[in-house]
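In what follows, chains are A, B, ... by sequence order, proteins preceding strands, each numbered from 1. Note that this is a predicted model, so its numbers are computed, not measured.
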There are 2 protein chains.
Amino acid sequence: MGRWASDAPGRLRAAALELFGERGYDETTVADVAARAGLSERTFFRHFADKREVLFDGARALEDEIVAAIADAGPGPSLRVALEGMTAGARILEGEVGHERARRRARVVASSEELREREQMKMAELSDALAAALRSRGCAPGEAGLAAGVAVVTFEVAFAAWTGGDVGAGLVEELSRAAGALATLAAGARAHEGS
Amino acid sequence: MGRWASDAPGRLRAAALELFGERGYDETTVADVAARAGLSERTFFRHFADKREVLFDGARALEDEIVAAIADAGPGPSLRVALEGMTAGARILEGEVGHERARRRARVVASSEELREREQMKMAELSDALAAALRSRGCAPGEAGLAAGVAVVTFEVAFAAWTGGDVGAGLVEELSRAAGALATLAAGARAHEGS
DNA sequence: GTCTATAGGGCGATAGAC
DNA sequence: GTCTATCGCCCTATAGAC
């Protein structure tokens, strides 16, 4: 495919990450981004539904991988299966995106309320997809929604630790750490059950 | 305070809920909402930062109540305390908003991606506020974030059940049900720990 | 690609409350 | 008089329609 210079979406994504980082999200117009990528404003909107979406392009592909991992997972309690799915996603982020790019992107997202909003939305969509995948394995609807939500929250905590800390364990390691903390948390709440 | 007819924000909120329900969110302009409230478009934006915000006005007050409930709560494991805070919030929603209005509002929010996005953002902000309240009680930062996130997810499941079901148990009852399911879920995952 | 409507901000004027 | 809510007209950027 392609035409003159190929990979328009890729160039737009790179240009957006640069400009949003340099000038700030609000101070950068779509026209600015398109210009740096050597494209027209109109072309930007042919590839991305809106200005925010240029930073969340890969989310859907990642979601599909996570859902596939859940479908392929062996038997087990729903929360464990959901966390295995998130671990598969974490491996992909760690390998194909990498710590530095994730860090830079996270910094930009954190700087804008609009972008944080979109990120929350993507997480909610991921949670819905996870829940659907769990239900396909025979999990009860109510339990599936809860397990999916808890797994996504656990992932968010791990992701924040990964992109926030400088030295940084890997994302997979952070996720396993967060999952351990989750187990402790639940055990603590249970211990007080009768009191 | 006020001017001729008082409570401009209240009239704008009511007008917005009506019009969004009748015509749909996208098909309703801010000018339409302002006109129905007998105000100008410019006045709308003085009271609400943007078009979405008119439906999420009370969120901050509710958040403060929940945070206060956590600060006042007796000793206990962090997740339990966080869920007590959400229960306090649930009581307020059940009493001061009521099932019918919550239902209508939820239907409107569900109908628009923009509005769902904003709702997710509010939930994320609530989670951050909860985490801060837990840390103020001496809870470790990592644990606080996780407990807050899990409590909010549990609340979301209960809220969806409350506004989705027709017959409907109360929101507080739904929340207690969801918390029970959460405990079962965690216990299930733990049982498999060693295998 | 061009054209247009809407979101949303800035500023100054005004009209009431105190 | 001050203070504040409202309004009207300016503008640009987003985003959809043609």
Please determine whether any donor N or O and acceptor N or O are separated by less than 3.5 Å between the side chain of B/Arg42 and the base of C/dG10. yes

Whole angstrom value for the distance that separates C1' of D/dA5 from CZ of B/Phe48: 14 Å

Under a 4.0 Å N-O cut-off, is there an ion pair linking B/Glu22 with B/Arg36? yes

Given atom CD of B/Glu53 and atom P of C/dG8, what is their separation to the nearest angstrom? 11 Å

So does B/Ser40 get a side-chain nitrogen or oxygen closer than 4.0 Å to the phosphate oxygens (OP1/OP2) of D/dG8? no

Output the rounded distance in Å from CG (A/Asp26) to P (C/dG10). 11 Å

Counting the atoms with a prime plus P, OP1 and OP2 as sugar-phosphate, which does A/Ala31 contact under 4.0 Å by heavy atoms, base, sugar-phosphate, or nothing? nothing

So if I take every side-chain heavy atom of A/Thr29 and compare against D/dT14, C/dT6, C/dG8, which nucleotide ends up nearest? D/dT14

Which whole-number value in Å describes the distance from B/Phe45 CZ to C/dG10 C1'? 14 Å

Give me the ring orientation class for B/Phe159 and B/Phe155: parallel if the planes are under 30° apart, tilted from 30 to 60°, perpendicular past 60°. parallel

Work out which heavy atom in A/Asp32 is nearest to a heavy atom in A/Leu19; give both atom names and the distance. O-CD1, 3.6 Å

For the backbone of B/Gly10 and the side chain of B/His47, can you confirm whether one donor and one acceptor N or O come within less than 3.5 Å of each other? no

With B/Arg52 as partner, the option from B/Glu114, B/Glu119, B/Glu117 fulfilling side chain to side chain donor-acceptor pair (under 3.5 Å) is B/Glu114

Between B/Lys51 (NZ) and C/dG9 (P), how many Å, whole number? 14 Å

Can you check the A/Tyr25 OH to C/dG8 P distance for me, whole Å? 12 Å

Phosphate-side-chain proximity, B/His47 and D/dA5, N/O vs OP1/OP2 below 4.0 Å: no

To the nearest angstrom, the CZ-C1' distance between B/Arg11 and D/dA5 comes to 11 Å

Nearest-nucleotide comparison on DNA chain C, the residue closer to the 5′ end among B/Arg46 and B/Arg52: B/Arg52

Given that B/Leu39 and A/Thr28 both sit by DNA chain D, which one's nearest nucleotide is further toward the 5' end? B/Leu39

Between B/Phe44 (CZ) and D/dC7 (C1'), how many Å, whole number? 16 Å

